[in-house]
Amino acid sequence: MSGHYGPGVGRADGGGCGCAVLLLFPGWFVAGYLLALPAVLPWVMAASSTPQPPLQASQRAVLWAISVFTALLLGWTAGGRGRPRPVALLVRAALIGAAAAGAALAAPAVVRAGLAGRSLGDPATQAAGEHVLAATLGTVASAVATAVCYYVVRWWGRRGAAPAAPARPVHIPVRPRTTVRRPAPGEVWLAEIPLREDRSQALRHYCVVLESHASHATVLQITSQSKDHRDDFVKMPNDGWDLVSGKDHWLELRRRDVPYRQFLKNTPQGLCPSDTWQEIVRAGA
């Protein structure tokens, strides 16, 4: 089962859950910080010991652009695969952004309530401490709210999604059999021979017939590629059965079953050379 994950999210099973939490949290922390940036950055600047000039309108616009882009990106990934609908994307982004903003903006009130009746020093130090705590708590709260809202939005979207249609099996067409008689043992034929890895696929090869059965023949595949370094191949002279290349071939000593409909001609190419046939017998193929 696969899916899309938010920033820093990986899959975890069994005993890896604890590690997964440690790995995903920094990603959500970054996402929460970017979403809460228009509120958190002024608090960080206010906590500085050196007076900072107020943010200009252009700077605030950049901060909001970063937050909006982050919300849109999370809304996109929460929708799963495929191109999202504009309205659905905007709704998901707005929900995630609102959850992050609400959590971050509640931080100053929580800090003031927690520090009620406590003194951190002179008024300047008190104000700086409150801003630092507000920025920290706002970022963490925004990260948690972002992660929770992201997974809720993704889960809700998947509830109404139609199940994917099963993939249709693909079959490779095979030419109809035109042979007049069954191939006989010791003959060389041209046929569509099924692949060992996937019998639904076949390649055209010459072959030597070993046995004839009711619906198929057992053959050994012939290849023109040199196999002198292989023990499971024997060299096969070209005694006129391959007039196109005119060169020797190699015979694979592994049986293949080929339906008669996949033999491509109505007559054999020729006969297997006697020396090669004796090697086949000695190999017990």
Side-chain angles (χ1 to χ4, degrees), residues 1-5 10-14 16 80-82 158 161-285:
M1 183 174 175
S2 61
H4 288 266
Y5 297 83
R11 294 193 62 178
D13 298 299
R81 294 187 179 91
R158 288 182 174 181
R168 289 186 176 183
V170 178
H171 298 286
I172 296 180
V174 179
R175 292 178 55 181
R177 175 181 176 246
T178 59
T179 54
V180 175
R181 62 174 179 82
R182 291 182 181 179
E187 294 177 338
V188 177
W189 285 76
L190 181 64
E192 293 279 0
I193 301 180
L195 300 180
R196 290 193 303 273
E197 300 82 4
D198 183 0
R199 291 189 59 81
S200 66
Q201 302 186 48
L203 294 177
R204 178 179 297 189
H205 281 281
Y206 291 116
C207 61
V208 173
V209 178
L210 294 181
E211 300 171 354
S212 296
H213 304 281
S215 61
H216 69 276
T218 301
V219 306
L220 299 180
Q221 179 178 301
I222 299 172
T223 179
S224 60
Q225 298 180 0
S226 175
K227 301 293 183 181
D228 281 335
H229 61 289
R230 298 276 298 271
D231 295 335
D232 53 342
F233 284 80
V234 297
K235 193 169 185 178
M236 180 176 177
N238 185 357
D239 290 351
W241 50 266
D242 181 7
L243 299 178
V244 177
S245 69
K247 63 180 183 180
D248 294 340
H249 290 60
W250 281 261
L251 190 69
E252 184 181 17
L253 298 175
R254 297 182 64 176
R255 292 174 169 240
R256 309 277 189 93
D257 290 333
V258 180
Y260 289 129
R261 67 178 182 277
Q262 293 179 216
F263 284 82
L264 302 179
K265 293 190 176 182
N266 56 1
T267 57
Q269 299 293 122
L271 295 176
C272 177
S274 58
D275 292 343
T276 303
W277 187 259
Q278 292 301 321
E279 289 195 54
I280 294 173
V281 173
R282 284 195 297 269

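All values below come from the heavy atoms of this structure, side chains included, with hydrogens, waters and symmetry mates left out. From a predicted model like this one, the values you see are computed outputs, not experimental measurements.
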State, with a plain yes or no, whether a side-chain heavy atom of C207 is found less than 4.5 Å away from one of I193.
-> yes
Considering all heavy atoms of both residues, which atom of W250 and which atom of Q225 are nearest to each other, and what is their separation?
-> CE3-O, 3.4 Å
State, yes or no, whether a side-chain contact exists between Y260 and P183 at a heavy-atom distance under 4.5 Å.
-> yes
Closest heavy-atom pair and its distance - H249, K247 | ND1-O, 2.8 Å
Nearest heavy atoms of P237 and P273, plus distance in Å = O-CG, 3.6 Å
Please name the pair of heavy atoms, one in T276 and one in K235, separated by the smallest distance, quoted to 0.1 Å.
-> OG1-O, 3.8 Å
Flag yes if more than 12 heavy atoms outside D231 fall under 6.0 Å of its CG atom; otherwise flag no.
-> no
Going by an N to O cut-off under 4.0 Å, is there a salt bridge joining R230 and E252?
-> no
Between F263 and W189, does the ring centre distance come in under 6.0 Å?
-> yes
Side-chain H-bond candidate by donor/acceptor type, T223 with H205, under 3.5 Å | no
If we only count heavy atoms from C-beta on, is the L253 to L220 side-chain gap below 4.5 Å?
-> yes
Does the side chain of V188 come within less than 4.5 Å of P268's, by heavy atoms?
-> no
For V209 against A184, the heavy-atom pair lying closest together | CB-O, 3.4 Å
Nearest heavy atoms of R254 and R196, plus distance in Å | NH1-NE, 3.3 Å
Could you check if a side-chain atom of W277 sits within less than 4.5 angstrom of a side-chain atom of L210, using non-hydrogen atoms only?
-> yes
Using modelled atom types only, decide if a donor and an acceptor are shared between the side chain of R256 and the backbone of P194 within a distance under 3.5 Å.
-> yes
What distance separates Y206 OH from Q269 CD, expressed to the nearest 0.5 Å?
-> 4.5 Å
Quick one: pull up CG in L251 and CD1 in I222 and give me the separation to the nearest 0.5 Å.
-> 5.5 Å
Any side-chain heavy-atom pair of M236 and V208 under 4.5 Å = yes
Below 4.5 Å, heavy atoms only, C-beta onward: do S215 and P259 meet side chain to side chain?
-> no
Using a 4.5 Å cut-off on heavy atoms from C-beta on, say whether the side chain of Q262 contacts that of H216.
-> no
